[in-house]
Amino acid sequence: MTTMRDEGERAVTSESGGGRATPAPGMAGDGTAVAADATATIAAAPARTRAGARTSLGTLALAGGVIALLLWLVLYPNLFVLADSLRSDAGWTAAHYLRFLGSRGELRALWNSIWISVGSVVLSALIGVPLAFLFARREFPGRRVLGALAALPVSLPPLVGVIAFLFLYGETGFLTRGIQLLLGLEAPPWRLNGPWAVLLVHAYTMYVYFYLFTTAGLARLDPAHAEAAAALGASRWTTLRRVTLPMLAPAIGGAALLVFMTSMGSFSAPYIFGGGFRVLTTQVFASKLNGDLAMAAVETVILAAASMVFLALLQRYEARRAYTGSAKGVGPAGGNGEGRPRGGAAGWAWTAAAAGVVVFLLLPHATVLLVSFVPEGTWTTELLPPAYSLENYAALFTEPERLRPILNSLRMAMLATAANVVLAFAAAYLLSRKRFPGRGLLAALVALPWALPGTVLAIALATTFSVDQPWAGRFILVGTAAILPLAYFIRNIPLVTRAALASFRQFDPALEEAAASLGASWARTMRRVALPLVLPGLAAGALLAFVTALGEFVASILLYTHRTRPISIEILSQLRAFDFGAAAAYAVLLIVLMALVFLLGNRRVGDESAGGAG
């Protein structure tokens with residue numbers, strides 16, 4: 001999608017660019033083509049012609065290899081799912097789709113998936129957008145610190161947010177028990193299950209997308225637009241409705257798409273809090289467990305189709321509502337020119353209000369930390385745990401069975417991320433520097449995994465790599481240690497490739513041409529020129545891919561075995577065993593691992609950027 005691509009490129013550029021000039025999108029490839037044409041026209045020596053032919057063959061070979069790999073891993077498995085949904089013992093048939101359309105339960109699950117995703121978009125926007133305006137348009141003491149804390153949940157896996165909600169607001173949660181004891185009730189005042197519980201959990205874990213996208217949009221918004229509207233007599237509400245929000249439409253639309261796609265593929269919240277409320281992701285899981293693989297294939301196809309229809313509708317909407325603005329300067333510290341930093345009673349009142357909102361948003365995660373110190377079997381009916389110890393953390397590193405999920409997650413995330421880096425570098429180089437047949441196909445294949453929910457990917461891989469047919473490109477990977485790293489690798493292809501592509505488009509291709517003119521081979525030019533310049537953006541994408549793989553749950557629950565189970569599955573296992581302390585300890589460890597990766601990685605990326613700028 002053009003708007004989100006531009007947003008992502010500018011974001012990665014601002015973080016890893018080191019202040020370099022950015023060529024206009026598309027100029028890199030076109031400039032190379034023009035230079036090549038001019039060289040061929042002026043210098044028609046046979047040696048140059050043979051060198052150009054060799055370069056062209058090398059480009060075609062590289063492009064062919066990358067496209068073939070993506071066709072095999074991204075498109076091919078989904079074709080098998082589609083085929084399974086249309087196949088029966090008697091041959092090709094549409095009976096499975098007719099069975100889906102004739103089942104009230106299946107249609108209700110489809111409708112539930114759609115409306116719960118739309119509701120998640122609305123609720124997340126109602127939290128995230130005002131929060132962005134609060135921290136971007138108001139000046140008060142502690143604004144930057146509180147604004148950074150409000151964005152903290154973006155680095156946490158959804159499953160951790162789900163169990164955090166459970167520990168605080170569940171039937172046996174701290175807040176629920178406190179109200180029950182305070183009012184002298186015999187039963188909990190509420191039951192955290194059903195659609196409203198799923199909506200609340202989604203809004204709590206996904207508001208951060210609207211918050212970050214809107215904050216970035218407000219930072220780039222020229223305050224002259226609002227000032228011009230005010231000079232023409234427009235009220236603040238009119239300016240917000242007719243000027244500011246339309247200018248933020250691309251950012252808000254991008255966040256809406258991300259929340260909708262995440263909600264459509266959400267499994268942990270409906271699985272834990274849904275109760276009898278079914279969505280398509282839980283239906284796919286249930287059908288697979290019951291051995292109804294044909295219906296699981298149909299549900300997977302329907303889920304993918306619904307997600308892609310929403311993607312197409314949003315793209316069409318954004319294409320018809322294009323808003324552009326040119327920034328002519330930098331606004332005041334508040335970002336809007338509405339006044340100097342506030343102190344005194346008014347400023348501290350805003351600080352207190354903002355702090356209250358942030359504490360409310362982060363309280364569930366503080367609850368996870370508290371529960372992680374509770375020994376097994378000591379907390380039953382009390383409001384607060386009666387005993388605390390470090391035995392849950394000690395068990396994680398002293399008991400081999402407790403340590404295995406940690407090592408599994410680290411190993412699989414590292415393997416998947418390493419493969420992502422190699423593929424992303426090659427794909428980004430081809431898309432930004434070369435013109436070749438199939439370039440549009442490569443761009444589509446790189447983006448496709450992002451448009452498909454994790455459940456769809458897991459079913460596709462389980463279907464394709466569960467039989468031994470080497471002649472058809474099918475190998476038995478299900479049940480082996482290779483299937484989960486493969487799933488993580490495919491899921492994160494768009495993320496790392498977009499980061500690498502933005503970095504390639506950031507520096508002038510003339511640097512590569514200069515190295516080639518000095519006699520450097522293509523491999524040496526890539527190693528000594530392109531890779532150091534692309535490395536900061538590539539590393540930023542790799543960091544996000546690594547932490548995403550560490551906490552991945554949706555695909556894992558359909559593909560794991562007991563021997564290969566990751567941390568996210570072990571958290572669910574401990575919850576099922578009612579060992580809340582161990583589950584919370586795993587969750588805290590996952591948070592710490594992600595924080596360390598971000599901290600060390602950002603320092604490394606900053607060093608690389610500074611070195612490149614120097």
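The model shown is predicted, which means the values in this text are computed figures rather than measured ones.
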Exercise. For Phe80, what residues pass the ring-ring contact (aromatic ring centres under 6.0 Å, His included) criterion, not counting sequence neighbours?
Worked result: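 Here the qualifying residues are Tyr76.
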
Examine distances only and state if a side-chain atom of [X] and a backbone atom of [Y] form a donor-acceptor pair shorter than 3.5 Å.
| X | Y | answer |
| --- | --- | --- |
| Arg491 | Ala549 | no |
| Ser568 | Glu552 | yes |
| Ser263 | Phe260 | no |
| Thr215 | Tyr211 | yes |

For this session: Could you check whether the rings of Phe553 and Phe267 sit parallel, tilted or perpendicular, using 30° and 60° as the cut-offs?
Result: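 Rings of Phe553 and Phe267: tilted, 30 to 60°.
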
For this session: Output, in order, the C-alpha distance, side-chain angles, deciding distance and verdict of side chain to side chain donor-acceptor pair (under 3.5 Å) for Tyr488 and Thr548.
Result: CA-CA 8 Å; Tyr488 301 163; Thr548 301; over 6 Å; no

Is [Y] close to [X] at the side-chain level, that is, under 4.5 Å between some pair of heavy atoms?
| X | Y | result |
| --- | --- | --- |
| Val121 | Tyr209 | no |
| Phe213 | Ile252 | no |
| Leu477 | Thr480 | yes |
| Arg137 | Thr244 | yes |
| Leu590 | Leu550 | yes |
| Trp450 | Leu258 | yes |

Using 0.5 Å steps for rounding, measure from the [atom1] atom of [X] to the [atom2] atom of [Y].
| X | Y | atom1 | atom2 | value |
| --- | --- | --- | --- | --- |
| Leu559 | Phe465 | CG | CZ | 11.0 Å |
| Met412 | Ile483 | CE | CD1 | 11.5 Å |
| Thr300 | Asn78 | OG1 | CG | 9.5 Å |
| Leu533 | Leu538 | CG | CG | 12.5 Å |

Problem set entry | Step-by-step side chain to side chain contact (heavy atoms under 4.5 Å, CB included) determination, Leu543 to Val547 | CA-CA 6 Å; Leu543 286 177; Val547 298; 5.8 Å; no

Exercise. Looking at Asn492, Thr497, Ile490, Leu73, which hits side chain to side chain contact (heavy atoms under 4.5 Å, CB included) with Pro449?
Worked result: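 Answer after filtering Asn492, Thr497, Ile490, Leu73: Ile490.
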
Exercise. Can you list every side-chain hydrogen bond (donor to acceptor under 3.5 Å, both in side chains) pair that touches residues 409-420, not counting sequence neighbours?
Worked result: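 Applying side-chain hydrogen bond (donor to acceptor under 3.5 Å, both in side chains) to every pair that reaches into residues 409-420, excluding sequence neighbours, yields Asn408-Arg411.
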
Exercise. Is the CZ atom of Arg527 crowded by more than 12 outside heavy atoms at less than 6.0 Å?
Worked result: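 Check passes, neighbour count above 12.
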
Problem set entry | side chain to side chain contact (heavy atoms under 4.5 Å, CB included) evaluation trace for Phe489 with Leu423 | CA-CA 10 Å; Phe489 162 69; Leu423 178 69; 3.6 Å; yes

